[in-house]
Colleague: 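Here it is, the structure, as structure tokens.
All heavy atoms count here, side chains included; hydrogens, waters and symmetry mates do not. Counting from 1, the numbers follow the sequence of the chain as shown.
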Amino acid sequence: MIVLTVLKIIGIVILCILALAILILLAVLFLPLRYKISGDYDSDTKDYHLNADINWCLGILKVYGNFDKENGLDYWAKFFGKKIFPKDEDGDDDFDESEYPELTEEYYDGGSDYGKEETIGQIEERKETAEKEETAEPEEKDSGEILEKAEEKEEKENEKEPDDKIKEEKKPAGNKLIKKIRGIFDKIKGIFENIRYKTESLCDKIKGIRDKIVHYKELLEDEETKRALAKAWGETKYFAVKIKPKKLSLKVRYGAGDPSDTGITYGKYAAIKPFIGKGVCMVPDFEKKIIHADLYMKGCLRLYVLLVIACRLYFDKRFMKVVKKFKR
């Protein structure tokens with residue numbers, strides 16, 4: 001009976017852990033990852049600013065980034081309010097002096113075991129004695145022996161000098177010239193060999209690049225590759241629809257400096273305005289050259305969308321076959 005009760009408790013604990021894991025997985029996949037992006041630019045002051053804020057699950061995960069002309073790039077990420085990226089490079093404030101008794105005052109005052117064995121004066125005397133022993137000069141040798149050896153060396157050198165001079169005189173001056181010429185030819189030969197090696201290496205690289213271009217060109221012209229690219233493009237459009245901002249506001253004040261050029265640009269904007277929506281607005285300035293833009297957008301993305309796209313592409317045999325060909 002006790003064994004059954006223990007097994008029942010273990011089973012309940014395992015089920016609770018599995019349920020919690022499934023709940024966390026569902027939260028990660030289906031809770032939206034919300035983002036806000038804002039920025040502005042002014043051509044008169046050459047000033048710009050861009051800000052991005054991403055949060056997930058009521059701020060459990062926060063990612064922030066800011067980029068402007070004055071301060072440059074600043075970013076951080078927090079999880080449950082704790083900064084996880086980038087990590088602060090603080091100094092080692094948790095230094096424990098007790099681990100190093102020789103660095104404490106008690107050591108020098110005789111309060112620790114190290115100080116009780118030797119006092120500071122004894123330590124200094126011992127060091128001075130050791131240094132004197134190391135730097136002490138060796139005992140002086142007998143002066144007579146030194147003089148005898150010096151005389152022997154001089155006699156040997158005097159005996160060798162005439163022989164060396166005779167040998168040098170016997171050597172013809174042409175040998176030195178021949179050696180120099182040979183050295184010059186060897187250097188020239190080495191330079192040409194190095195050039196030949198580099199030329200062959202460059203030719204091999206060019207040949208390899210050419211073969212790759214031919215290979216990829218044949219792949220791109222293949223029907224299977226075209227179908228795979230069409231599949232990838234379809235998934236890209238699906239992702240763009242899911243991640244597009246729910247709210248978008250882009251206001252641009254534009255002037256080319258010439259009224260005719262400004263009018264032509266505004267005419268192009270008017271032609272595409274029905275396709276880009278009401279969030280994008282352009283105001284022409286026919287008097288001066290200026291570009292002033294204000295951007296604000298916000299939206300969300302659920303991570304299950306990425307999982308769906310990855311599964312569709314991975315389980316598509318034709319697509320994976322083309323990917324393997326490109327890897328080769």
Colleague: Take atom CD of E200 as the centre, draw a 6.0 Å sphere, and report whether it contains more than 12 heavy atoms from other residues, nucleotides or ligands.
Modeller: yes
Colleague: Would you give the length of the straight line joining atom NE2 of H292 to atom OG1 of T45, rounded to the nearest 0.5 angstrom?
Modeller: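 Result: 8.5 Å between the selected atoms.
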Colleague: Do we get K78 above W76's six-membered ring, with its NZ or CZ under 6.0 Å from the centre and within 45° of the axis?
Modeller: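 Yes, a cation-pi geometry.
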Colleague: Taking K69 for its side chain and K46 for its backbone only, find out whether a donor-acceptor pair lies under 3.5 Å.
Modeller: yes
Colleague: Same cluster or not: are F85 and I60 linked, directly or through other Ile, Leu, Val, Met, Phe, Trp or Tyr residues, by side-chain heavy atoms under 4.5 angstrom apart?
Modeller: yes
Colleague: Count the heavy atoms belonging to other residues, nucleotides or ligands that lie under 6.0 Å from CZ of R318, then report whether that count exceeds 12.
Modeller: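 At most 12 heavy atoms, drawn from other residues, nucleotides or ligands, come within 6.0 Å of this atom.
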Colleague: Is any side-chain heavy atom of L229 closer than 4.5 Å to one of L220?
Modeller: yes
Colleague: Is it true that I14 and V3 fall in one hydrophobic cluster, defined by side-chain heavy atoms closer than 4.5 Å?
Modeller: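 Not linked; separate clusters.
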Colleague: Hey, could you give me the NZ/CG distance between K244 and L301, rounded to the nearest 0.5 Å?
Modeller: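 If I round to the nearest 0.5 Å, the distance is 13.5 Å.
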Colleague: List, by chain and then residue number, the residues other than I191 in its hydrophobic cluster (Ile/Leu/Val/Met/Phe/Trp/Tyr, side-chain heavy atoms under 4.5 Å); write none if there are no others.
Modeller: I195
Colleague: Taking atom CG as the centre, does L58 end up with more than 12 heavy-atom neighbours from other residues, nucleotides or ligands that are less than 6.0 angstrom away?
Modeller: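 Incorrect, the count does not exceed 12.
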Colleague: Of the non-hydrogen atoms in A270 and P274, which two are nearest, and what is the gap between them?
Modeller: O-CD, 3.7 Å
Colleague: For F326 together with Y216, are the ring centres under 6.0 Å from each other?
Modeller: yes
Colleague: I need the L306 CG to E235 CD distance, nearest 0.5 Å.
Modeller: 11.0 Å
Colleague: Side-chain donor-acceptor contacts of residues 15-36 below 3.5 Å, not counting sequence neighbours, with atom names and distances?
Modeller:
| residue | atom | partner | partner atom | Å |
| --- | --- | --- | --- | --- |
| Y35 | OH | I243 | O | 2.6 |

Colleague: Quick check, are the ring centers of F67 and Y48 under 6.0 angstrom apart?
Modeller: yes
Colleague: T262 side chain to P284 main-chain N or O, any donor-acceptor pair under 3.5 Å?
Modeller: no
Colleague: If I take atom CD1 from residue I181 and atom CG from residue D186, how far apart are they, to the nearest 0.5 angstrom?
Modeller: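 One finds 12.0 Å between CD1 of I181 and CG of D186.
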Colleague: For the CG atom of N51 and the CG atom of L295, what is their distance to the nearest 0.5 Å?
Modeller: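 The CG atom of L295 is 10.5 Å from CG of N51, to the nearest 0.5 Å.
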Colleague: Got a salt bridge between D222 and K325, using NZ or NE/NH1/NH2 to carboxylate O under 4.0 Å?
Modeller: yes
Colleague: How far apart are the C-alpha atoms of T265 and M282, what are their side-chain angles, what is the distance that settles it, and do they pass the side chain to side chain contact (heavy atoms under 4.5 Å, CB included) test?
Modeller: CA-CA 10 Å; T265 304; M282 178 179 173; 3.8 Å; yes
Colleague: Is V252 close to V283 at the side-chain level, that is, under 4.5 Å between some pair of heavy atoms?
Modeller: no
Colleague: Ring of F319, cation from R227 - is the NZ or CZ under 6.0 Å from the centre and inside 45° of the axis?
Modeller: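 Checked: cation-pi criterion not met.
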Colleague: Does the side chain of I290 reach to within under 4.5 Å of the side chain of Y254, using non-hydrogen atoms?
Modeller: no
Colleague: Please determine whether side chain to side chain contact (heavy atoms under 4.5 Å, CB included) holds for the pair M320 and Y314, giving the CA-CA distance in whole Å, both sets of side-chain angles, and the decisive distance to 0.1 Å.
Modeller: CA-CA 6 Å; M320 293 306 298; Y314 182 77; 4.2 Å; yes
Colleague: What distance do D258 atom CG and I264 atom CD1 have between them, rounded to the nearest 0.5 Å?
Modeller: 8.0 Å
Colleague: Answer whether the closest heavy-atom distance between the side chains of Y75 and V63 falls below 4.5 Å.
Modeller: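 A side-chain contact under 4.5 Å is absent here.
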Colleague: Please indicate whether Y64 has more than 12 foreign heavy atoms, meaning atoms of other residues, nucleotides or ligands, lying under 6.0 Å from its OH.
Modeller: yes
Colleague: With a 4.5 Å heavy-atom cut-off, do Y296 and I37 have their side chains touching?
Modeller: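 The answer is no, as the side chains (C-beta and beyond) never meet within the 4.5 Å cut-off.
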Colleague: Contact between V241 and K237 at the side-chain level, heavy atoms closer than 4.5 Å - yes or no?
Modeller: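 Side-chain contact under 4.5 Å: no.
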Colleague: Would a 4.5 Å heavy-atom cut-off, applied to side chains only, mark P245 and L248 as touching?
Modeller: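 With C-beta onward as the side chain, the pair touches.
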Colleague: Are the side chains of M297 and K247 in touch, meaning some heavy atoms are under 4.5 Å apart?
Modeller: no
Colleague: Let's go through V305 and Y238 carefully: what are the C-alpha distance in whole Å and the side-chain angles of both, what is the deciding distance for side chain to side chain contact (heavy atoms under 4.5 Å, CB included) to 0.1 Å, and is it a yes or a no?
Modeller: CA-CA 9 Å; V305 174; Y238 173 74; 3.8 Å; yes
Colleague: For D44 and K288, which heavy atoms make the closest approach, and how far apart are they?
Modeller: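 Residues D44 and K288, closest heavy atoms: OD2-NZ, 4.4 Å.
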Colleague: Does a donor on one side chain sit under 3.5 Å from an acceptor on the other, for N66 and D68?
Modeller: yes
Colleague: Starting from the C-alpha separation in whole Å, work towards a yes-or-no answer on side chain to side chain contact (heavy atoms under 4.5 Å, CB included) for C203 and K205.
Modeller: CA-CA 5 Å; C203 292; K205 288 181 180 179; over 6 Å; no
Colleague: Salt-bridge test for R253 and D285: reply yes if a basic N is under 4.0 Å from a carboxylate O, no otherwise.
Modeller: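 So R253 pairs with D285 through a salt bridge.
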Colleague: When hydrophobic residues are tied together by side-chain contacts of less than 4.5 Å, even through go-betweens, does W56 share a cluster with F80?
Modeller: yes
Colleague: Is the backbone of Y197 close enough, under 3.5 Å, to the side chain of S201 for a donor and an acceptor to pair up by distance?
Modeller: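 Side chain of S201 to backbone of Y197, a donor-acceptor pair under 3.5 Å: no, none is there.
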